[in-house]
Amino acid sequence: MSLQDWFNNGWLRKHQTSSQEISNLMEIVKRDIQDAVNRDVSADWRFGIAYNASLKLCTILLYTEGYRPDRNLAHFRTIQALPLILGADKEEDANYLDTCRTKRNVVEYDYAGGATHADADELIHYVNELKQEVINWLTKNHPELIKF
């Protein structure tokens with residue numbers, strides 16, 4: 001499937017982004033990475049903050065391609081768009097982030113203690129790598145949107 005197929009299915013809406021919007025989202029990513037490394041807060045909270053950074057990076061990719069998710073399953077669709085944008089070799093990354101999405105939902109809505117500091121550290125490490133990949137991709141594919 002392609003993003004256009006997703007749009008045709010009603011899973012995505014058209015979206016016109018701007019360099020300011022992308023800059024704002026990247027600032028959220030930077031803030032969240034900085035906050036997530038703070039071991040003075042619970043592992044659950046660190047994990048949730050790191051998850052938010054990963055979601056924002058996927059959002060940046062989707063927005064720059066001219067789409068935003070429909071409200072139904074928005075996080076899921078945003079994450080699953082990763083291999084459609086960066087390439088099929090990112091399928092495992094999308095699966096990992098979907099597992100993180102599920103865990104984040106558990107620790108946010110169901111019970112405390114579902115994430116460990118090791119879980120948070122792993123996700124923070126991944127987010128830092130993904131951030132660089134997104135910046136590289138933007139530089140190559142949408143340099144006009146880079147103002148951060």
Side-chain angles (χ1 to χ4, degrees), residues 1-3 6-7 9-13 15 17-139 141-142 145-148:
M1 289 196 116
S2 68
L3 294 176
W6 284 22
F7 175 77
N9 287 339
W11 301 342
L12 299 176
R13 304 270 181 230
H15 181 77
T17 195
S18 66
S19 61
Q20 185 62 57
E21 182 175 46
I22 298 304
S23 180
N24 291 344
L25 291 170
M26 193 58 78
E27 286 301 314
I28 293 170
V29 170
K30 290 176 187 175
R31 177 207 63 201
D32 286 354
I33 291 170
Q34 183 177 4
D35 289 354
V37 298
N38 181 358
R39 285 189 167 257
D40 291 333
V41 298
S42 71
D44 289 346
W45 194 241
R46 291 180 64 225
F47 188 86
I49 294 168
Y51 167 78
N52 191 60
S54 70
L55 183 64
K56 293 301 176 259
L57 288 167
C58 293
T59 299
I60 288 169
L61 292 171
L62 196 55
Y63 281 11
T64 59
E65 289 295 279
Y67 297 98
R68 66 175 176 78
D70 188 55
R71 292 201 193 294
N72 189 28
L73 299 173
H75 286 205
F76 176 77
R77 300 260 187 249
T78 301
I79 290 167
Q80 293 304 314
L82 184 65
L84 297 178
I85 299 168
L86 292 184
D89 62 321
K90 294 297 176 189
E91 190 71 40
E92 282 188 37
D93 291 32
N95 292 338
Y96 169 67
L97 289 176
D98 193 50
T99 300
C100 292
R101 178 185 66 81
T102 301
K103 182 175 285 197
R104 178 260 181 195
N105 288 347
V106 167
V107 301
E108 183 76 17
Y109 303 114
D110 297 334
Y111 61 86
T116 66
H117 284 292
D119 293 333
D121 291 340
E122 178 182 83
L123 183 53
I124 292 164
H125 178 77
Y126 173 80
V127 168
N128 278 309
E129 290 179 351
L130 181 59
K131 178 184 168 199
Q132 192 55 56
E133 287 184 61
V134 168
I135 290 170
N136 293 344
W137 183 86
L138 284 169
T139 301
N141 295 285
H142 296 282
L145 295 174
I146 299 177
K147 302 286 191 232
F148 49 89

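Here, residue 1 is the first one in the sequence, and each next residue gets the next number.
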Inset, instruction - For the pair D119 and K103, find out whether any cationic side-chain nitrogen is under 4.0 Å from an anionic carboxylate oxygen. - result: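 Here D119 pairs with K103 in a salt bridge, since their nearest N and O are under 4.0 Å apart.
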Between [atom1] of [X] and [atom2] of [Y], what distance do you get to the nearest 0.5 Å?
| X | Y | atom1 | atom2 | result |
| --- | --- | --- | --- | --- |
| S19 | N24 | OG | CG | 9.5 Å |
| L57 | K131 | CG | NZ | 8.5 Å |
| D44 | E108 | CG | CD | 9.5 Å |
| S23 | I28 | OG | CD1 | 10.0 Å |

Side-chain touch [X]/[Y], heavy atoms, less than 4.5 angstrom:
| X | Y | result |
| --- | --- | --- |
| R46 | L123 | no |
| V134 | L61 | yes |
| L145 | T17 | yes |

Run the side chain to side chain contact (heavy atoms under 4.5 Å, CB included) test on D35 and V41 for me, step by step, so that the C-alpha distance in whole Å, both residues' side-chain angles and the decisive distance to 0.1 Å come before the verdict. CA-CA 9 Å; D35 289 354; V41 298; over 6 Å; no
Locate the shortest heavy-atom distance separating [X] from [Y]; write the atom from each residue and the value.
| X | Y | value |
| --- | --- | --- |
| T116 | A43 | C-CB, 3.3 Å |
| A53 | I33 | CB-CG1, 4.3 Å |
| C58 | L97 | SG-CD1, 3.9 Å |
| P69 | L62 | CD-CD2, 3.7 Å |
| I124 | A50 | CG1-CB, 3.8 Å |

*Any sub-3.5 Å donor-acceptor pair from N52's side-chain atoms to I49's backbone N or O?*
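Checking the backbone N and O of I49 against the side chain of N52, no donor-acceptor pair under 3.5 Å is found.
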Notebook entry, point to check: Taking the side chain from D98 and the backbone from F76, do they hold a donor-acceptor pair closer than 3.5 Å?
Noted result: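 Flag not set: sc D98 to bb F76 has no pair under 3.5 Å.
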Donor-acceptor pairs under 3.5 angstrom involving side-chain atoms of residues 81-93: please list them, not counting sequence neighbours.
unit_1, atom_1, unit_2, atom_2, d
K90, NZ, E133, OE1, 2.5
K90, NZ, E133, OE2, 3.2
D93, OD2, Y126, OH, 2.9

- With Y51 as reference, evaluate R104, R101, H75 under the side chain to side chain donor-acceptor pair (under 3.5 Å) test and give the passing residue.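 Testing Y51 for a side chain to side chain donor-acceptor pair (under 3.5 Å) against R104, R101, H75 leaves exactly one candidate, H75.
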Give the ring-plane orientation class for F7 versus Y67, where under 30° counts as parallel, over 60° as perpendicular and anything between as tilted.
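F7 vs Y67 ring planes: tilted.
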Just checking E129: does its CD atom have more than 12 heavy atoms from other residues, nucleotides or ligands closer to it than 6.0 angstrom?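 Yes.
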